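In what follows, a structure is listed as structure tokens, so that the remarks can point back to it.
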Number of protein chains: 2
Amino acid sequence: MLKYQQIAAEIEQYINQHDLKQGDKLPVLEQLMSQYAVSKSTVTKALELLERRGVVFQLRGSGIFVRRHNRPGYMSLFSTQGFKSNLGDRVLTSDVLDVSVTKPDETVAQNLGIDVTDDVYHVERVRFVDGEVLCHEESYYVKQIVPYLNREIVADSIFDYVQSALGVTIGFSDMYMQVGRLNATEAGYLGLQADDPTLRIETIFHLTNGKPFDYSRITYHYEHSQFVVQANGPYM
Amino acid sequence: MLKYQQIAAEIEQYINQHDLKQGDKLPVLEQLMSQYAVSKSTVTKALELLERRGVVFQLRGSGIFVRRHNRPGYMSLFSTQGFKSNLGDRVLTSDVLDVSVTKPDETVAQNLGIDVTDDVYHVERVRFVDGEVLCHEESYYVKQIVPYLNREIVADSIFDYVQSALGVTIGFSDMYMQVGRLNATEAGYLGLQADDPTLRIETIFHLTNGKPFDYSRITYHYEHSQFVVQANGPYM
DNA sequence: TACTATAATTGTACCGGTACAATTAATAAA
DNA sequence: TTTATTAATTGTACCGGTACAATTATAGTA
């Protein structure tokens, strides 16, 4: 683990342990430098990371402050999107409906940047938070990158497996979201009625080298899905 | 304008002018350094900015590459949230329904971190993209921070006014989103039926010093609102 | 007391450098 | 030709430093 990541983790831990709230001040830069015995730029980088994650904000001439959103029941949009964070003490489980190797249709192939003759893993799940239906998910993994999957792996976190067992690292993702109505099949999975509202998110996950390796379509249960997104300034 | 912001802008311009696509390679770091006659760290900072915005991705040992999502009709979620970006050539207009000074109710006061006796500007608009109804927006501005607003300002970009005329800078924001059904009033504004699906986003905008200054509730027309969110790696 | 000018605090921009890890290209071996 | 080894390329981590801008605290003045 890199120094600045380590320090970021420790600072976050410090915030949690001391139960700091929105606006509370952290030790000044120079103290953090000596405390962790690293250079200024390393501390700065750690704080930058925390700033992006929405944990702190920095104010020149004043100090470093804790940033906290205080609305219970809202998950980070990214936490349900492969990135583990801010799920708190909620438990995420899955019913696996299908794990199989198939050929992608035209749309899937295009989103993954592969040919329709290439193999993909098809994974279909219903996901739960604390026992309540969260969403129905259908995703496609490029078999050339993810050569093996089974129901056990898929029941847990696929991303953890991919990163640790296969040694590939996830780089970035593009999420496309829209609101619509459920069809009968989807309604069945989610325990809702057809034509009920829903949030649909399609996501293309890329490796660090820019290659897409996972295309997923998620249909959310509109009553059990509330998301928070923390944005940083006009540069987003 | 800061150097690294300037360089970021120029690099982005370069990408657009040369119509570079996903995966196309940019000049290497060292060349960018000499080309813009700045140090390595400045170029790095510019690229970091572009990476966060989803414009490029960097691959150690390999180079700097263009990152592009290629799905027309999707707006950046942040572009409709005060941050001007990625709206492309779409035209954003507004019907102003109300601009007035009032007292906040309990909820609004709490979200803005003020007292119910403090003054707020109440702004209500219906917003359009290329003439089509996008959303209904109701927002509250802390009058102590935004002392004056009128229909003209509000018809245009409030954020531009606040930043340029008042000299305050927007720092960060927390967005809370959920899916639900329209009530009769909202449906009227959006030209839809009651009980139609909708995306609701509440946002609290903070200044750089962490003080909330705008709390807004937006109700989106589900057929005209498709959003893209670009995420960067597991650190989000 | 209230306001103003001044000084101390504190994070950010920017520079330049070394070491290194990941990728890719070049070379040698099978 | 293919594969393994080596070397060149290229971005990232980390160091340390100077100058500066924004904030906050202090001292001075009316």
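Per chain, numbering begins at 1; letters A, B, ... match sequence-line order. Note that the structure is predicted; figures quoted are calculated from it, not measured.
The nucleotide whose nearest atom lies closest to any side-chain atom of B:Arg60 is, among C:dA21, D:dC15, C:dC14, C:dA21. If you check D:dC14, C:dA13, C:dC15 against the side chain of B:Lys3, the one that comes closest is C:dC15. Nearest nucleotide to the B:Ile64 side chain, out of D:dA13, D:dG11, D:dG16: D:dG11.
Taking the six-membered ring wherever Trp is involved, the centroid distance between the rings of B:Tyr176 and A:Phe227 does not fall below 6.0 Å.
Computed from coordinates, the B:Leu49 CG to C:dA13 C1' distance equals 13 Å when rounded to whole Å. Atoms CG (B:Leu2) and P (D:dA22) sit 10 Å apart, rounded to a whole Å. Per the geometry, CE belonging to B:Met1 stands 11 Å off P belonging to C:dC14, to the nearest Å. The distance between atom CD of B:Gln5 and atom C1' of C:dC14, rounded to the nearest whole Å, is 13 Å. Taking atom CD1 on A:Ile11 and atom P on C:dG11, their separation rounds to 11 Å, with Å as the unit. Here C:dT12 presents its C1' atom at 8 Å from OH of B:Tyr4, a figure rounded to the nearest Å. To the nearest angstrom, P of C:dT23 lies 12 Å from CZ of B:Phe57. Per the geometry, CG belonging to B:Leu59 stands 15 Å off C1' belonging to C:dA25, to the nearest Å.
Between A:Arg67 and B:Asp174, at least one side-chain N (NZ, or NE/NH1/NH2) sits under 4.0 Å from a carboxylate O, which counts as a salt bridge. Salt bridge B:Glu202/A:Arg71: present, at least one basic N to carboxylate O contact under 4.0 Å. Between B:Lys143 and B:Asp118, no side-chain nitrogen of the basic residue sits less than 4.0 Å from a carboxylate oxygen of the acidic one, so the salt-bridge criterion is not met.
Both B:Thr208 and A:Val38 sit near DNA chain D, but only A:Val38 has its closest nucleotide nearer the 5' end. Toward the 5' end of DNA chain C, the nearer of the two residues B:Val43 and A:Asn209, judged by each one's closest nucleotide, is B:Val43.
The structure places CD1 of A:Ile7 at 9.0 Å from CG of A:Leu47, a figure rounded to the nearest 0.5 Å.
Close to D:dT12, at under 4.0 Å from its OP1 or OP2, lies a side-chain N or O of B:Gln58. Distances shown here put every side-chain N or O of B:Ser62 at or beyond 4.0 Å from the OP1 or OP2 atom of D:dT10. Within the structure, a side-chain polar atom (N or O) of A:Ser39 is placed less than 4.0 Å from OP1 or OP2 of D:dC15.
At a threshold of 4.0 angstrom between heavy atoms, the contacts of A:Ser41 include nucleobase atoms, whether or not backbone atoms are also involved. Residue-level contact check: A:Lys40 touches the bases, meaning some heavy atom is under 4.0 Å from a base atom. Residue A:Leu47 is classed as having no contact, given no heavy-atom separation below 4.0 Å to the nucleic acid.
Using bins of under 30°, 30° to 60° and over 60° for the plane-to-plane angle, the ring pair A:Tyr141/A:Phe159 lands in the perpendicular bin.
Residues passing the ring pair (Phe, Tyr, Trp, His ring centres under 6.0 Å) test with B:Tyr148: none are found, sequence neighbours excluded.
Counting heavy atoms from C-beta on, the side chains of A:Phe213 and A:Val162 come closer than 4.5 Å.
The stretch residues 24-35 of chain B does not touch DNA chain C, since none of its heavy atoms comes less than 4.0 Å from the strand.
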